[in-house]
Amino acid sequence: MPTAFQKELVTLARRLADLCDLVAIALDEATRAVLESDHTLGGRAREQAAAVAALGAACEDQACALLALHAPREAEVKAVVAAVHTAADLTRMGGLAREVAEARGPVPSDVRPALGRLGEHAVATARALREVLVGGDGAQVGAAAALVGAAEREVREWADGRAWPRGAGAAVDFALFAAVYGRFAGTAVRVGRRAAGFVPVGA
């Protein structure tokens, strides 16, 4: 029969999975806000990012309480520490979604399809990560991240080859914007690798 500690660890795993859902929604809405120049949708994405920060902090608090209120074995301590790092990384992913939502200026029509794919694949990394946190296969996280890398290169090459009316600085800004998605996906991959040591039986 699962101990009280193990039951609470399962609850924490499910909360982290919920955090993945929020992160995915935040980035999806942020990307659509940028593509559609929709300030209302951008505001919703920022609200989702704030919800990510709040739930991430709650998950970290719950993990610390597990250590304080129980006497876990070494393997269980490692699982809790992994959960703390996971909550922190997911919170950072929410912050990256907020960066996207706060982007200014319309997206040129000829790069919207590539940017849309970049956002779609990045969101897929968060959704695949959710499955890892409830005991699923982590291969899909890496597969989605590889697609993010390809889409990011496509956007960067477009920016490099464009004659920007505001000079090279605008191309650099756009390339840095695309790189936010790469950082998002890279964080998801890191969390997915760590999750193998965290996900409790029954999550």
Side-chain angles (χ1 to χ4, degrees), residues 19-53 55-56 88-133 137-193:
L19 190 53
C20 278
D21 283 333
L22 278 177
V23 166
I25 292 169
L27 186 63
D28 181 53
E29 291 188 344
T31 301
R32 289 191 290 119
V34 170
L35 291 173
E36 300 167 17
S37 297
D38 187 328
H39 298 300
T40 299
L41 195 54
R44 279 172 42 190
R46 289 191 292 273
E47 290 174 0
Q48 293 288 354
V52 167
L55 182 55
D89 280 338
L90 289 170
T91 300
R92 278 189 282 275
M93 290 169 70
L96 292 170
R98 184 183 182 90
E99 281 189 44
V100 172
E102 291 176 342
R104 293 288 181 267
V107 176
S109 60
D110 51 344
V111 77
R112 282 179 191 165
L115 189 58
R117 287 192 296 275
L118 181 55
E120 178 185 349
H121 297 320
V123 168
T125 65
R127 290 181 173 150
L129 183 56
R130 184 200 183 282
E131 297 308 309
V132 176
L133 290 171
D137 182 9
Q140 292 304 313
V141 180
L147 293 173
V148 171
E152 182 187 349
R153 286 191 295 274
E154 183 180 355
V155 172
R156 289 172 67 92
E157 287 169 3
W158 177 90
D160 288 343
R162 180 179 171 83
W164 290 87
R166 290 176 292 146
V172 171
D173 289 345
F174 202 84
L176 289 174
F177 173 72
V180 172
Y181 290 92
R183 288 160 54 200
F184 183 98
T187 304
V189 169
R190 184 169 65 250
V191 174
R193 289 171 180 161

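- Among all heavy-atom pairs drawn from G56 and T91, the shortest one is CA-OG1, 3.5 Å.
- With sequence neighbours left out, the side-chain contact (heavy atoms from CB on, under 4.5 Å) criterion links A97 to A26, L27.
- With sequence neighbours left out, the side chain to side chain donor-acceptor pair (under 3.5 Å) criterion links R156 to no other residue.
- Contacts of Y181 classified as ring-ring contact (aromatic ring centres under 6.0 Å, His included), with partners at least two apart in sequence or in another chain: F177.
- Counting all heavy atoms, side chain and backbone alike, V52 lies closest to L90 at CG1-O, 3.6 Å.
- V23 approaches G94 most closely through the heavy-atom pair CG2-N, 4.2 Å.
- Judged as a side-chain hydrogen bond (donor to acceptor under 3.5 Å, both in side chains), the pairs with a partner in residues 121-130 (not counting sequence neighbours) are, in order, D21-R130.
- Interatomic distance, L147 CG to L118 CG, rounded to the nearest 0.5 Å: 10.5 Å.
- A heavy-atom distance below 4.5 Å is not found between the side chains of F184 and V100.
- In terms of the salt bridge (Lys or Arg N to Asp or Glu O under 4.0 Å) criterion, residue partners of E154 (sequence neighbours excluded) are, by chain and number, R117.
- Residues A103 and V34 share a closest heavy-atom pair of CB-CG2, 4.1 Å.
- Residue D160 holds its CG atom at 11.5 Å from CZ of F174, rounded to the nearest 0.5 Å.
- Residues satisfying the side-chain contact (heavy atoms from CB on, under 4.5 Å) test with V141, not counting sequence neighbours, are A128, L129, V132, A188, V189.
- Closest approach of L133 to C20, counting heavy atoms only: CD1-SG, 3.4 Å.
- Evaluation of the salt bridge (charged side-chain N to carboxylate O under 4.0 Å, His left out) test over residues 88-99, restricted to residues two or more places apart or in two chains, returns D89-R92, D89-R190, D89-R194, R98-E102, E99-R183.
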Could you tabulate the donor-acceptor pairs under 3.5 Å formed by side-chain atoms of residues 38-51, not counting sequence neighbours?
unit_1, atom_1, unit_2, atom_2, d
D38, OD1, T40, N, 3.0
D38, OD1, L41, N, 2.9
R44, NH2, E29, OE2, 2.8

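- Across L55 and L22, no two heavy atoms sit closer than the pair CD2-CD1, 3.9 Å.
- Residues forming a side chain to side chain donor-acceptor pair (under 3.5 Å) with Q140 (at least two apart in sequence, or on another chain): none.
- Within the structure, salt bridge (charged side-chain N to carboxylate O under 4.0 Å, His left out) contacts touching residues 107-116 (residues at least two apart or in different chains) are D110-R162.
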